[in-house]
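Shown next, in structure tokens, is the structure this report addresses.
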Amino acid sequence: MKKFAVIMLGLMLATGCEENTVQLPEDVAIAFVEAYYRYDFRQAEQLATAEGRRILVFRASNTTQEELDAFNAQEESVKAENTGVTLINDSTTSVRLHMSNGDDCRVTVVDCNGQWLVKAISF
């Protein structure tokens, strides 16, 4: 029995040293918005609730070839900077972001079974 306990303890310590995958709401908001601005809707979709995915579907269906051409001509992707976080309740956070292209937005991030996901974004 002691051998089993020692082996289990060793396994727990070995796996406990892996990189922590828990993300903060503001990290999720930044990753979502940066993917949104890169037109990487597949990546953004992984960070969104069903409501957040509707935003992506709307944006994707209204993207013109001219917008894609302008994006492809850019040398740098838009970067987002956290300018404020407001905890609304235990499972909802509002994150204010400023983008390197001058845009500002507010992203609502919700806790869905221990994973932070984007529910809404307003520009």
Side-chain angles (χ1 to χ4, degrees):
M1 187 66 171
K2 281 187 178 183
K3 280 186 180 181
F4 178 74
V6 170
I7 291 171
M8 289 304 295
L9 179 61
L11 286 173
M12 288 189 306
L13 289 173
T15 58
C17 294
E18 293 177 10
E19 185 178 331
N20 187 359
T21 58
V22 175
Q23 290 189 317
L24 297 172
E26 50 268 34
D27 295 336
V28 173
I30 288 170
F32 177 89
V33 169
E34 287 180 353
Y36 179 93
Y37 271 86
R38 284 191 317 271
Y39 297 96
D40 188 350
F41 299 127
R42 288 189 191 261
Q43 181 182 352
E45 179 182 41
Q46 296 174 2
L47 302 169
T49 64
E51 289 175 73
R53 287 186 199 106
R54 283 187 235 145
I55 297 164
L56 298 172
V57 169
F58 178 80
R59 179 69 176 133
S61 65
N62 288 291
T63 300
T64 65
Q65 186 61 48
E66 290 80 22
E67 289 173 313
L68 292 175
D69 292 341
F71 168 75
N72 289 326
Q74 292 178 356
E75 292 186 20
E76 290 185 13
S77 294
V78 173
K79 298 292 181 194
E81 178 185 352
N82 175 3
T83 58
V85 177
T86 304
L87 181 65
I88 297 172
N89 59 42
D90 289 348
S91 62
T92 306
T93 301
S94 177
V95 182
R96 290 184 312 279
L97 300 174
H98 178 74
M99 270 58 75
S100 58
N101 68 353
D103 291 347
D104 291 302
C105 71
R106 182 178 304 265
V107 182
T108 303
V109 186
V110 295
D111 182 359
C112 295
N113 300 319
Q115 182 179 11
W116 290 100
L117 298 172
V118 172
K119 179 180 178 181
I121 184 170
S122 58
F123 293 93

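Quick note: residue numbers are just sequence positions, from 1.
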Exercise answer: donor-acceptor pairs, residues 52-61 side-chain atoms, under 3.5 Å, sequence neighbours excluded:
from : atom 1 : to  : atom 2 : distance (Å)
R53  : NH2    : A48 : O      : 3.1
R59  : NH1    : E67 : OE2    : 3.4
R59  : NH2    : Y39 : OH     : 3.1
S61  : OG     : V57 : O      : 3.1
S61  : OG     : F58 : O      : 2.9

Can you list the residues that meet the side-chain hydrogen bond (donor to acceptor under 3.5 Å, both in side chains) rule with S91, with sequence neighbours excluded? N89
Using every non-hydrogen atom in the two residues, find where A29 and V118 come nearest and quote the distance to one decimal. CA-CG2, 4.4 Å
Cut-off 3.5 Å, no hydrogens considered: what does the side-chain donor-acceptor table look like for residues 102-114, sequence neighbours left out?
from : atom 1 : to   : atom 2 : distance (Å)
D103 : OD2    : Y37  : OH     : 2.6
D103 : OD2    : N101 : ND2    : 3.3
D104 : OD1    : H98  : ND1    : 2.6
R106 : NH1    : S94  : OG     : 3.4
D111 : OD1    : G114 : N      : 2.8
D111 : OD1    : Q115 : N      : 3.3

With heavy-atom distances below 4.5 Å as the criterion, would you say the side chains of T63 and F41 are in contact? yes
Quick one: side chain to side chain contact (heavy atoms under 4.5 Å, CB included) partners of Q65, sequence neighbours excluded? L68, D69
Results of side-chain hydrogen bond (donor to acceptor under 3.5 Å, both in side chains) for Q43 - residues two or more places apart only: R38
Are F123 and V28 linked, directly or through intermediate hydrophobic residues, by side-chain heavy-atom contacts shorter than 4.5 Å (ILVMFWY only)? yes
To check you understand the geometry: which heavy-atom pair defines the closest contact between F32 and I121, and what is its length? CE2-CD1, 4.3 Å
Kindly list each side-chain donor-acceptor pair under 3.5 angstrom involving residues 74-82, sequence neighbours excluded, with atom names and distances?
from : atom 1 : to  : atom 2 : distance (Å)
N82  : OD1    : G84 : N      : 2.8

Applying a strict under-4.5 Å side-chain criterion to I, L, V, M, F, W and Y, I'd like to know whether L97 and W116 cluster together. yes
Mind checking whether I88 and V85 sit in one hydrophobic cluster, side chains of I, L, V, M, F, W, Y counted as touching below 4.5 Å? no
